[in-house]
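Before any comments, here is the structure.
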Amino acid sequence: MTLGFPDGFRWGTATAAYQIEGSTTADGRGPSIWDTFTARTGLATGDPACDHYRRYREDIGLLSELGIPYYRFSVAWSRIMPDGRTVEPRGLAFYDRLVDALLENGITPMVTLYHWDLPEALQAEGGWPNRELADLFADYALTVHKVLGDRVQQWTTINEPFCAAFIGYGNGDHAPGIQDEGAALVAGHNLLLAHGKAAQALRSDGGEQEVSIVLNFAPVLTDVDDAAHREAARRFDFLHNRFFLDPLLGRGYPPELLADLAHLGTLEPAIADGDLEIIAQPLDVLGVNYYAPARAVPLEDPETDSNCPLPGLRGMDVQPPRGELTSLGWEQRPECFTDLLLWLQGHCGGLPLVIAENGAAFEDEVVEGRVHDEKRVRYFADHLAAVHAAIERGADVRGYMAWSLLDNFEWAMGYTQRFGLVHVDFETQERVLKDSALFYADVVARNGL
Ligand code: FCB
C-alpha cells in the first residue's frame, strides 16, 4: 500500500431516491416535481429507474459483497408526505425497512432528507421561493427523525442547494423548470433557511447525531491572469462556492455577492430578521461534492446575461471545458480537488469534511458478463489520490462516498449517463459489478490506494 487513509476513514457509496427507486406511485407516494417536470417536458422519467424500491435487499447485498461500510441515500419527501403535509406511514415504513436491512448487513446508513424531489403539492404553493417551505421541511425532517433517529446518526438536510435553486428556478434545466432568476435567489435563501430549521428540529428530538448539509463546489479556472479574468472568476466563485457556504458558517452573504446580484432586487428583501442566525446552526461536518472545475471569462458588456445557471450573474461567462472529459462533458482535474479541500479547510475554520459525492460517467459496455471501465477506475484512483494529498497537507477529511452505487436516472440526462460502480441493464434490471467496483472494494479493504 502506498497511500494509506486515516484510521476510521468512512468509505461509502451514495445514491438519491428519485434516481434509483422507481415505484413512483407505490404505497401512497405523491408526485414530486421531477415526476411532473419529466412528464411535461417529455424527458425520461424516474420510473422504473433501478427499481430499487422493490430490489433494495439485492442492492444492499451488493454493498455487503463489496464490503463497503457506509451508504448515503436520500428519503423522498413525497413518500413521507404525499401532499407535503400529511404523513403516509407506508412511505416511512420503506425507509424503516431499508435502515434495518443496512444495519443487518453491518452497513452504516447516512440519510439525506432532500435530494431535489419536492412534493409537487408544495410546488403548487410556489415551491422553494415560498418561505413557508422552510417550516414544512423542518416538520418533515422531524417526522423522519422520529422514526429513524434511534438507528441513524448521520443526517444531511439538503443536497446541493445550488442546483435545487439555480438550475431548478434559474436556467430551468432541472425541475421545476422555472426561469426566474429573482425567484431562484429567494429559493436559495429559503433552502438555507429550511436547512437551519431542520437542523434545529433534528437536534430538538434528542439522540446522538451528526448534522450536515452537502454543497457542490466548482473551483474556478481562468486562462489569463489579469484583473478582468480575476474579477470574472471571483463572481462565479462567490455565486457557486460561497452563496451557500458563507451564511452556513455564520458570515452572512458576502457583500460583493450581494452587490453582484443587487440588480435582480430579490435576495436582500428576502432576508428577514433572524434568518442568518437560523441558517448558521453549528454543523458537525460539511458534505463536499466535487466533480469538475469551471472556467470563467469576463463579459465585455456588463449588462449581458451569462450562460451560468443563474444567467443574471453578469460580468462573467462560463467557458467550455477542455482536456480529458467524462461522457457528461465534465473536465477531469483531480488537482483542483486537492486545492478545493485545502481551501475549505482554511475557509471553514477546521470544520470536518466528508466527500459526499465524487465520480464520473463514461460509456460502459457489458462484455461476457464483465464491465472493464478503465477510465472510471483511473478517475477514482486519481481523485482518491487527490483527497489523500489534501489530508497529508492538513485537510480534515473524514470520509468518501463514491457516486454512485448504481447506474441511475441522471436527472435531465435520463439514462444516458452511467455513474455506477454497478452496471444496471434498465430493461432487465440485471446488475453487474464493474471493474471500478472491484477496485473500490479493494481500496476500502486496504484503507488505502
Ligand atoms: C450531483 C447530484 C447527483 C448526481 C451527480 C452526478 O450534482 O447531487 O444526484 O446527479 O451530480
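Counting convention: from 1, in listed order, for ligands and their atoms alike. The structure displayed is predicted, hence computed values, not measured ones. The first residue in the sequence is number 1, and the count goes up from there.
- The 4.0 Å heavy-atom shell around ligand 1 contains residues Q19, H115, W116, N159, E160, Y291, E357, W403, E410, W411, F419, ordered by chain and number.
- With a 6.0 Å cutoff to the six-membered ring centre and a 45° limit on the axis angle, R234 counts as a cation-pi contact of F238.
- Using modelled atom types, one finds no donor on one side chain facing an acceptor on the other under 3.5 Å when comparing N289 with W403.
- The side-chain contact (heavy atoms from CB on, under 4.5 Å) check on H423 picks up D364, V366, V371, D407, R418, V432, K434, with sequence neighbours excluded.
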For residues 347-356, which side-chain donor-acceptor pairs fall under 3.5 Å, sequence neighbours excluded?
| unit_1 | atom_1 | unit_2 | atom_2 | d |
| --- | --- | --- | --- | --- |
| H347 | NE2 | D246 | OD1 | 2.9 |
| H347 | NE2 | R251 | NH1 | 3.2 |

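- Taking a cutoff of 4.0 Å between a charged side-chain nitrogen and a carboxylate oxygen, D135 and K197 qualify as a salt bridge.
- Pairs engaging residues 175-186 under the side chain to side chain donor-acceptor pair (under 3.5 Å) rule: none recorded [sequence neighbours left out].
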